[in-house]
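Structure first, commentary second.
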Protein chains: 2
Amino acid sequence: MRSPSLSIQPTNCHKCRMSALCLPLTLDASSLARLETAIDRRRPLHRNQFIFHAGDRFESLYAIRSGAVKSYCTDSSGSEQVTGFYLPGEIFGWDGIHSNQHRNTTLALETTALCEIPFTRLEELSQNVPKLQQHFMRLMAKEITADQELITLLAKSSAEERVASLLISLSNRLKRQHLSATRFRLPMSRADIGNYLGLTVETVSRVFSRFQSFDLILCDKKEIEIINLPRLTAMASQ
Amino acid sequence: MRSPSLSIQPTNCHKCRMSALCLPLTLDASSLARLETAIDRRRPLHRNQFIFHAGDRFESLYAIRSGAVKSYCTDSSGSEQVTGFYLPGEIFGWDGIHSNQHRNTTLALETTALCEIPFTRLEELSQNVPKLQQHFMRLMAKEITADQELITLLAKSSAEERVASLLISLSNRLKRQHLSATRFRLPMSRADIGNYLGLTVETVSRVFSRFQSFDLILCDKKEIEIINLPRLTAMASQ
DNA sequence: GCAACAATATGATTTGGATCAATTCTGCGT
DNA sequence: ACGCAGAATTGATCCAAATCATATTGTTGC
């Protein structure tokens, strides 16, 4: 079930870019072809469909082609903790590598198209294609970096800083995919945002209201427009 | 500057355990020998000596043989955020892989012996020794898991739960290295603990006092003894 | 179009941890 | 042993966000 539009730009064999895999990746033509065969394009999921559950056997990584995904884990007391939101061009599923079993549950926040990357095939390929191995190490390291940023955020900031940081983060990540950085849909609910940022729904809602009254953002239902990006950025990282 | 006591137990070539590398690792003798040559044992560091600074070029990973290390990063506003404590048998330095440059600064909290593992040599070796590649992927995934646990902790818990969780985490990690799980030295200051857990020094201090008055722990200077491990565990994860 | 329900928003009150302030303890150099 | 600086404890006060309560708005199926 592969697709020719798997976002491999075949213009230049020595500098091909696997945009489904998030970062520029320079591979020779045959490695690229082999990588392509390792990736399955899955039929689109719709809102609230699960990709995997906590406890499931770890088999694949997933790259997002379009849509959005949330990842959460359930602690011993049964309460949920959102651990990440993933946008187009991003890869998730790392959480299963350590124990061969997923720790998080992930689901589609809206209609979402995914590429599935079977991990064993990836490992085999990596052995022959050092570049690919490095690439995946880097992607994993990126996940570590993202997590550590969230830690910094949670450990210190006020409610306003946290919400501002999330908005800026989403904005930057969309920009990287050449999507609008100032006007986009928030695919997740206020409750998800609050859970992710360690705030209550009420607080999130109040912060959005305050931001609107400060003319930092405009918010109509799920559509958000960032009006004063510089000030919001300053707000996020002060 | 390698050492014969590099914690490779040479009893059984097909089931050797690189305890410096944290997880059981089954390798044939020649792979093991090659791995050994890739690891340098460094002379011991003492308290407050740096291993690397944020911004330094990323070259190696580090495994702790003895002692303890703290890792922190400095955000745009100049304030520090402790991102992790590392104990014997643990590996740190992943934060540099993504951009070839460290994001964190790390320093020894006490007299500490390290193994340095040059990353390029590790990558070369991994190509020939698939087991090793898998192994390092898993170690990296472990870092992601640890970070996500901290996120869960920071997003929701009370001061008491946070401190309890840290103590339990330290206890479990020491146990894994066959060190005492109920009586150990806290290598970090209250300020470090507070920073790591997103609490102030005063709050950390108060929580320790409260735990003592509840007969959960005994605390004499840096030496801590966990008296009621089950209850402390319950406290951590409720 | 209209229930019925979920998601948001907003107001009133409470509270856990931050902040400010003052000792006491501990390690360290002389 | 002494003195000093940083670390840790303990107390008093304050405040941001949680909690509780009650609209309001949005969404879905009939």
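All chains are named by letter (A, B, ...) in the order of the sequence lines, taking the proteins before the strands, and each is independently numbered beginning at 1.
Both A/Glu202 and A/Lys222 lie close to DNA chain D; mapped to their nearest nucleotides by heavy-atom distance, the more 5′-ward contact belongs to A/Glu202. Each of B/Arg206 and A/Ser158 was assigned the nucleotide of DNA chain D with the nearest heavy atom; the assignment lying further toward the 5' end belongs to B/Arg206. In this structure, A/Arg47 and B/Ser157 both approach DNA chain C, and ranking their closest nucleotides by distance from the 5' end singles out A/Arg47.
Put simply, CG on B/Leu186 is 14 Å from P on C/dG27, counting in whole angstrom units. Spacing between atom CZ of B/Arg185 and atom P of C/dG27 amounts to 9 Å, rounded to whole angstrom units. Spacing between atom CG of B/Leu197 and atom P of C/dG16 amounts to 19 Å, rounded to whole angstrom units. Rounding to whole angstrom units, NE2 of residue B/His46 and C1' of C/dC28 are separated by 15 Å. Regarding B/Leu154, its CG atom lies at a distance of 13 Å from the P atom of C/dG17, rounded to whole Å. Atom CD of B/Glu161 and atom C1' of C/dG16 are 12 Å apart (whole Å). Atom CD in B/Glu160 sits about 14 Å away from atom C1' in C/dT15, given to the nearest Å. Note: CG (B/Leu109) to C1' (D/dA7) measures 15 Å, nearest angstrom.
When atom types are taken as modelled, the side chain of B/Gln148 and the backbone of B/Thr145 share no donor-acceptor pair closer than 3.5 angstrom.
Using a cut-off of 4.0 Å between Lys/Arg side-chain N and Asp/Glu carboxylate O, A/Glu59 and A/Arg57 are scored as salt-bridged. Between A/Arg190 and A/Glu202, none of the side-chain N atoms (NZ, or NE/NH1/NH2) sits under 4.0 Å from a carboxylate O, so this pair counts as no salt bridge.
For A/Ser209, a side-chain nitrogen or oxygen approaches OP1 or OP2 of C/dT10 to under 4.0 Å. The side chain of A/Lys221 contributes no N or O atom lying less than 4.0 Å from OP1 or OP2 of C/dT8. Proximity of B/Ser205 to the phosphate of D/dT9: a side-chain N or O atom is located under 4.0 Å from OP1 or OP2.
Only one option out of A/Leu114, A/Ile64, A/Thr105 pairs with A/Ile51 in a side-chain contact (heavy atoms from CB on, under 4.5 Å); it is A/Leu114.
Residues A/Leu170 and A/Leu186 have side chains in contact (heavy-atom distance under 4.5 Å, counting atoms from C-beta outward).
Out of C/dT10, D/dT10, D/dA18, the shortest distance to the side chain of A/Thr200 is found at D/dA18.
Among the protein residues, A/Gly198 comes within range of the sugar-phosphate backbone only, with heavy atoms under 4.0 Å from sugar or phosphate atoms but none that close to a base.
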